[in-house]
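First up is the structure itself, then whatever we jot down about it.
These values consider heavy atoms only, across backbone and side chains, with no hydrogens, waters or symmetry-generated copies. Keep in mind that what you see is a predicted model, and the values were worked out from it rather than measured.
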Amino acid sequence: MEKKRKNIKVPHVYVIIFSIIFLVAALTWFIPAGGFETQEIEVNGVARNVVIPGTFKFHEKNNPATLIDILASLHKGLVGGAEVTMLIFLVNGAFKMVIDSGTFDAFLGGMLKKYSKQAKILIPLSFLIFAAGSSMFGMVNEYNGLIPVMMALGVALGYDALAGYAILELGRSIGWSAATLNPFSVVVSQAIAGLPIFSAMGFRVAAFFIFSAIGIGYIFYYGQKVAKDSSKSLLNGEKLEMNFSKESMENTAITKKHKIIMTCIIICIGIILYGTLKAGWGNAELAGMFVFMGIFAGAVDGLKPDEIAKEFIKGAAGITMGALVVGLARAILVILQDAMIIDTIIYYASSLLQGLPAILAAQGMLLLQTLINFFIPSSTGQAAVSLPILVPLGDFLGVSRQVTCLAYQFGDGFSNMLFPTCGIAVGLGISGISFEKWWKFFIPLFVLLYAAQALIISAAVFMGI
């Protein structure tokens, strides 16, 4: 008899996060506190504090995490991540009324009836638009308002909401990782490394298209598998707060009410894009626009003020588990920062690269930057801490500064879609998709993308980039 294949059960994300919290707390008892000296330099017109290489010193007193510190880190993490957590609550609370109005069902259903044969072209087209914006201009949070739209599109195409979300998430994150002009990664890293700004552009563009092809191909692979057998969907049997149904889309006719609400949505998204790109808007303004959108949709849909309030609470309550992930994951960083061991970890890790051949040193830099991104999820913050150390080390080991910057860029970018301490927590929080489901979808792709990163880094070394 053929043995049934056992499905690997991914632990609940809270279990994973608490396990990591206790692990890093234990490390604070064995890793001594230390730090680098920093200096302020101007990078692309902005003053930034960067590490001075060779200045690392151990502190006289260590500060290991006690049980009280561990427990307190939960509250500190939630408070520190409150801006993002509140964004997730407000967006989901407000958007429930937009979804319940049937507006997305009506318009996407109508689009599919009219363009059913050409609909699949929307996948690579949307992906490349998101990727280009991130790659050239560093656009990431600007796309958060489109998450519900893309989830609905995934369902409308006969796939699922996860596939639709992946079009946006993989598009913007791969674009960020394979940046060409991104001022927050390319410009900052090359300025710190003393390279001509936007140098090695041809190589970066080639890498952008290689990674984009992998991402688009993976979405089609997963989507077609779901289209052939809906039980293959990772969301099968799971009801999201932003829940869409292809059957409902096909059977919902566009009414005047839907046209009014859709007009409001388009105008609000246009205002959001203008505000974030031109007016310096952040999460507060984005959340405010979503609240307006939700109240407007509820009113047009015929809800009374009390009903709008109740629907808002239902939408916000349904996303509690995902929203709290942001703060709980931040508790990990709180423990590391309070114990002052992040610089020590980077110091020890960079020391391991000494004496390696150039090709192995470059791979070590890629792995190191990927791991550092767990502890320092800020792109510019990671550049300021790691590059001043790795650039002179690379000079000594025969790794070009361009390759060092590529290793930083790839390591900082692709792991953003993997680690709960990074930006993926925001996107998943808004979408309502759990980390467990996302990891099942993404980890095989991450392995593929990491292999591609390693090959591209190796090619850059051999080509003398």
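Using a 4.5 Å heavy-atom threshold, the side chains of Ile389 and Leu393 count as separate. Side chains of Val188 and Ser379 form no contact here, defined as non-hydrogen atoms less than 4.5 Å apart. In this structure, Ile271 and Trp281 have side chains that are in contact, with non-hydrogen atoms separated by less than 4.5 Å. Contact check for Tyr347 versus Phe36: side-chain heavy atoms found under the 4.5 Å cut-off. Side chains of Leu368 and Leu390 form a contact here, defined as non-hydrogen atoms less than 4.5 Å apart. Residues Phe244 and Met249 have side chains in contact (heavy-atom distance under 4.5 Å, counting atoms from C-beta outward). For the pair Ile192/Val391, no side-chain contact is recorded, criterion being any heavy-atom separation below 4.5 Å from C-beta on. For the pair Leu128/Ile216, a side-chain contact is recorded, criterion being any heavy-atom separation below 4.5 Å from C-beta on.
At least one donor-acceptor pair under 3.5 Å links the side chain of Thr28 to the backbone N or O of Ala25. A distance-only check finds a donor-acceptor pair linking the side chain of Ser177 to the backbone of Phe414 [under 3.5 Å]. A donor-acceptor pair is defined here as one N or O able to donate and one able to accept, closer than 3.5 Å; such a pair exists between the side chain of Asn92 and the backbone of Ile430. Judged by distance alone, the side chain of Lys120 and the main-chain N or O of Leu157 form a donor-acceptor pair under 3.5 Å. Remark: the backbone N or O of Asp412 is paired with a side-chain donor or acceptor of Asn416 at under 3.5 angstrom. Counting only distance, with no hydrogens or angles, the side chain of Trp439 and the backbone of Leu418 share a donor-acceptor pair below 3.5 Å. Within the 3.5 Å criterion, the main-chain N or O of Ala131 finds no donor-acceptor partner in the side chain of Ser134. Ser135 places a side-chain N or O within donor-acceptor distance of the main-chain N or O of Thr180, the cut-off being under 3.5 Å. Using modelled atom types, one side-chain atom of Glu285 and one backbone atom of Gly282 make a donor-acceptor pair closer than 3.5 Å. Looking only at distances, a side-chain donor or acceptor of Ser400 sits under 3.5 Å from a matching main-chain atom of Val403.
Not counting sequence neighbours, Asp343 has no partner by the salt bridge (charged side-chain N to carboxylate O under 4.0 Å, His left out) test. Every residue two or more places apart in sequence or in another chain that forms a side chain to side chain contact (heavy atoms under 4.5 Å, CB included) with Ala425 is listed here: Val326, Phe435. Partners of Thr320 according to the side chain to side chain contact (heavy atoms under 4.5 Å, CB included) rule, which considers only residues two or more places apart in sequence or in another chain, are Phe89, Leu324. Listed by chain and residue number, nothing satisfies the ring pair (Phe, Tyr, Trp, His ring centres under 6.0 Å) test with Phe396 (two or more places apart in sequence, or in another chain). Every residue meeting the side chain to side chain contact (heavy atoms under 4.5 Å, CB included) condition with Leu360, not counting sequence neighbours, appears here in chain and number order: Leu356, Pro357. In this structure, the side chain to side chain contact (heavy atoms under 4.5 Å, CB included) partners of Val15, at least two apart in sequence or on a different chain, are Pro11, His12, Ser19. Lys232 meets the salt bridge (charged side-chain N to carboxylate O under 4.0 Å, His left out) test with no other residue; sequence neighbours excluded. Take Arg401 and apply the salt bridge (charged side-chain N to carboxylate O under 4.0 Å, His left out) test, not counting sequence neighbours, and it matches Asp395.
Rounding to the nearest 0.5 angstrom, the gap separating the CE atom in Met139 from the CG atom in Asn182 is 11.5 Å. With rounding to the nearest 0.5 Å, the separation of CG in Asn141 from CD1 in Ile272 is 12.0 Å. Between atom CD of residue Gln337 and atom CZ of residue Phe375 there is a gap of 11.5 Å, rounded to the nearest 0.5 Å. Once rounded to the nearest 0.5 Å, the distance linking OG of Ser101 with CD1 of Ile265 reads 6.5 Å. Taken from CD1 in Ile99 to CG in Asp105, the straight-line distance is 9.0 Å, to the nearest 0.5 Å. Expressed to the nearest 0.5 Å, how far OG of Ser185 lies from CD of Gln382 amounts to 10.5 Å.
With respect to Asp100 and Lys96, a salt bridge is recorded, a charged nitrogen being found less than 4.0 Å from a carboxylate O.
When all heavy atoms of Phe410 and Gln453 are compared, the pair lying nearest together is CB-OE1, 3.4 Å. Across Gly411 and Asn373, no two heavy atoms sit closer than the pair O-CB, 3.9 Å. Closest non-hydrogen pair, Ala452 versus Ile214, comes out as CB-CD1, 3.8 Å. Met321 approaches Tyr14 most closely through the heavy-atom pair O-OH, 2.8 Å. Of all the heavy atoms in Cys422 and Ser415, the pair that sits closest is SG-O, 4.2 Å. The heavy-atom pair separating Ala361 from Leu397 by the smallest distance is CB-CD1, 3.8 Å.
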| said: Please evaluate residues Ile443 and Trp438 with respect to the criterion side chain to side chain contact (heavy atoms under 4.5 Å, CB included), reporting the C-alpha separation (whole Å), side-chain torsions for both, the decisive distance (0.1 Å), and the verdict. | reply: CA-CA 8 Å; Ile443 286 177; Trp438 174 253; over 6 Å; no
| Could you go step by step and tell me if Leu78 and Arg330 meet the side chain to side chain contact (heavy atoms under 4.5 Å, CB included) rule? | CA-CA 7 Å; Leu78 287 167; Arg330 197 178 181 92; over 6 Å; no
| request: Please report the C-alpha distance between Val98 and Phe95 in whole Å, then the side-chain angles of each, then the deciding distance to 0.1 Å, and finally whether the side chain to side chain contact (heavy atoms under 4.5 Å, CB included) criterion is met. | output: CA-CA 5 Å; Val98 176; Phe95 218 80; 3.9 Å; yes
| message | What verdict does the ring pair (Phe, Tyr, Trp, His ring centres under 6.0 Å) test give for Phe441 and Tyr218, after you've listed the backbone C-alpha separation in whole Å, the side-chain angles of each residue and the deciding distance to 0.1 Å? | response | CA-CA 10 Å; Phe441 170 84; Tyr218 192 78; 5.2 Å; yes
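Pairs passing the side-chain hydrogen bond (donor to acceptor under 3.5 Å, both in side chains) check and including a residue from residues 191-216, sequence neighbours excluded, read Gln190-Ser199, Ser199-Gln402, Arg204-Gln402, Arg204-Gln409. Sorted by first and then second residue, the side-chain hydrogen bond (donor to acceptor under 3.5 Å, both in side chains) pairs involving residues 161-170 (not counting sequence neighbours) are Tyr165-Glu169, Glu169-Arg172, Glu169-Ser173. For residues 126-163, the ring pair (Phe, Tyr, Trp, His ring centres under 6.0 Å) pairs, not counting sequence neighbours, are Phe130-Tyr143. Residue pairs meeting the salt bridge (Lys or Arg N to Asp or Glu O under 4.0 Å) criterion with at least one member in residues 215-224: none, sequence neighbours excluded.
Atom OH of Tyr274 has 12 or fewer heavy atoms from other residues, nucleotides or ligands within 6.0 Å.
Taking the six-membered ring for Trp and the full ring otherwise, Phe208 and Phe203 have centroids separated by 6.0 Å or more.
Checking Leu406, Leu353, Thr370 one by one against Met365, the side-chain contact (heavy atoms from CB on, under 4.5 Å) holds for a single residue, Leu353.
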